[in-house]
Amino acid sequence: MSTHKIAVIGAGGKMGMRVSNNLVKTEHTVWYVENSPAGQQRTTDAGRELTEASVAVADADIIVLAVPDLALGPVSAELVPLVKAGAVVLTLDPAAAYAGLLTTREDVIQAVTHPCHPSLFLQRQTPEEWADTFGGIAAPQDAIAAVESDDPAIQQLVEDTVRAIFAPVIDVHWVTIKQLAQLEPTLVETVACMIGALLNEALNETINTMGVPEAAARSILYGHTQVALANGLRGDNPFSDACLIAMDYGRESIIKDDWKKIFQDDELDKNLARMLHLDEITR
Ligand SMILES: NC(=O)c1ccc[n+]([C@@H]2O[C@H](COP(=O)([O-])OP(=O)(O)OC[C@H]3O[C@@H](n4cnc5c(N)ncnc54)[C@H](O)[C@@H]3O)[C@@H](O)[C@H]2O)c1
């Protein structure tokens, strides 16, 4: 694999630290940029040297913007004019790119990536893989990427970077920026993470309101959550007849009939506007 010149902006943040921890293990040339004192401290505590943003981006092949989504507009406005022609600006979430908040340039390529996180069905082998639920440390994961260029060299640069920052990576799946926004937030945050939080609320209700012993409630929920996902997502076993009736009651009581509207373009825009603290998306 060829080596690249990579600038990480926001190197001391949550994702910045994760991607930097992986980049130090590679042969790539990496510059670390961070503007908050706490983030600067985390970067230097990890043994990494800080570089001024203007210096870091000047010769970088790819600039990873690991800053909060709300900062991506101003940070891209400041840095995109400084990058070299042909460079790639990579964000780690599609919201700002899809909402048209990023400063763009004819000769600069916009790309977005997002880690899939290790699959529920991953055949983990080691304690480290079991402990790594987020990914990027020990458990292999896939990643999604979108790049606004047909140039194979640019796609390779993005893929090499994605494989390095989220390592260990199994597959990189290529989609459009809009499709990435349909995946994340809609599919995985609006639906999957919401259901994860709902499970926790239901667990608390069972324990705190109904008075069921906590150990019993957690144990049966954790096991049944695996069965629900293995049967629901992979068809491992059929749900029992009684379970199907209880599931129908749950759907009627909890889910709105028109819930699939969340996938419509106008609803995606509303969701993104809320996430980006905007009144509306105007692209
Ligand atoms: N946190 C997650 O689990 C997660 C997962 C996937 C993708 N992402 C995406 O990663 C990106 C970063 O999110 P995060 O959660 O790591 O944010 P964070 O708030 O933890 O870190 C952001 C860092 O950027 C720094 N920063 C802000 N403005 C800067 C500037 N102008 N120059 C240099 N540094 C600057 C901040 O000081 C901070 O250290 C976002 O796009 C987010 O959507 C986050």
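A quick note: this is a predicted structure, and the numbers were derived from the prediction, not measured. Counting convention: from 1, in listed order, for ligands and their atoms alike. Positions are given from 1 along the sequence.
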Colleague: Using a 4.0 Å cutoff against the non-hydrogen atoms of Leu92, which atoms of ligand 1 qualify?
Modeller: 7 (C), 9 (C), 10 (O)
Colleague: Looking only at heavy atoms of Ile9, does any of them come nearer than 4.0 Å to an atom of ligand 1?
Modeller: yes
Colleague: Identify, for atom 42 (C) of ligand 1, the protein heavy atom at the shortest distance, and state residue, atom and that distance.
Modeller: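 Sorting protein heavy atoms by distance from atom 42 (C) of ligand 1 puts Asp69 OD1, 3.8 Å first.
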Colleague: According to the salt bridge (Lys or Arg N to Asp or Glu O under 4.0 Å) rule, which pairs have a member within residues 262-275, sequence neighbours left out?
Modeller: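 Sorted pair list: Lys178-Asp265, Glu267-Lys270, Asp269-Arg283.
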Colleague: Please state which protein non-hydrogen atom is closest to atom 8 (N) of ligand 1 and give its distance, to 0.1 Å?
Modeller: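 Scanning the protein heavy atoms, the shortest distance from atom 8 (N) of ligand 1 goes to Met15 CG, 3.5 Å.
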Colleague: Run the numbers for me: atoms of ligand 1, each under 4.0 Å from some heavy atom of Asp93, listed by number.
Modeller: 41 (O), 43 (O)
Colleague: Could you give all pairs that pass the ring pair (Phe, Tyr, Trp, His ring centres under 6.0 Å) test and reach residues 183-240, with sequence neighbours left out?
Modeller: none
Colleague: Numbering the atoms of ligand 1 from 1, which are under 4.0 Å from a heavy atom of Ala66?
Modeller: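 Within the 4.0 Å cut-off of Ala66, ligand 1 contributes 12 (C), 22 (C), 23 (C), 24 (O).
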Colleague: Using a 4.0 Å cut-off to any heavy atom of Pro68, which atoms of ligand 1 qualify?
Modeller: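 The list of qualifying atoms is 19 (O), 22 (C), 24 (O), 27 (C).
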Colleague: Can you name the one residue among His28, Lys84, Lys5 that meets side chain to side chain donor-acceptor pair (under 3.5 Å) with Asp61?
Modeller: Lys84
Colleague: Determine, using heavy atoms of Ala53 and all atoms of ligand 1, whether some pair is separated by less than 4.0 Å.
Modeller: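 Flag not set, Ala53 not near ligand 1.
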Colleague: With nothing but distance in play, are any N or O atoms of Val33 less than 3.5 Å from an N or O of ligand 1?
Modeller: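 No; every N/O pair is 3.5 Å or more apart.
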Colleague: Which protein heavy atom lies closest to atom 36 (C) of ligand 1, and at what distance to 0.1 Å?
Modeller: Glu34 OE2, 3.3 Å
